[in-house]
Amino acid sequence: MADENPAEEVAETQKLKPCCACPETKKVRDACIVEKGEEHCGDLIQAHKDCMKKMGFDI
């Protein structure tokens, strides 16, 4: 059985700052917004929000 403790995972997630979470989705989202405008990047914005939620942030 794994030694994973959900409380430890939450504590570790809380140490991570929102600006540093999900760098992959953040980078493509930001590039799209700069190049095409926010109104054309809905899927990438949602993908980043979903990633942030998975990391434990309340978006």
Side-chain angles (χ1 to χ4, degrees):
M1 199 168 183
D3 291 329
E4 293 182 35
N5 182 344
E8 288 178 12
E9 287 182 30
V10 170
E12 186 174 314
T13 300
Q14 294 303 321
K15 292 178 187 176
L16 184 65
K17 295 180 182 179
C19 63
C20 301
C22 303
E24 300 85 13
T25 57
K26 182 179 180 182
K27 183 178 179 178
V28 293
R29 177 207 64 182
D30 290 350
C32 181
I33 292 171
V34 169
E35 293 172 12
K36 300 177 184 178
E38 186 174 341
E39 63 276 4
H40 299 287
C41 303
D43 291 345
L44 296 173
I45 292 169
Q46 189 59 49
H48 185 61
K49 286 181 180 180
D50 292 344
C51 181
M52 295 289 286
K53 287 178 184 176
K54 288 179 186 174
M55 296 295 290
F57 294 99
D58 187 23
I59 302 296

* Check the hydrophobic clustering (I, L, V, M, F, W, Y; side-chain heavy atoms under 4.5 Å; chains of links allowed) and say if I59 and L44 are grouped together. => no
N/O donor to acceptor pairs below 3.5 angstrom from side-chain atoms of residues 18-35, sequence neighbours left out:
from : atom 1 : to  : atom 2 : distance (Å)
T25  : OG1    : C22 : O      : 3.2
T25  : OG1    : H48 : ND1    : 2.7
K26  : NZ     : C19 : O      : 3.2

* Measuring from F57:CZ to K49:NZ, what's the distance to the nearest 0.5 Å? -> 15.5 Å
* Summary of side chain to side chain donor-acceptor pair (under 3.5 Å) pairs that have at least one residue in residues 36-46, sequence neighbours excluded -> Q46-D50
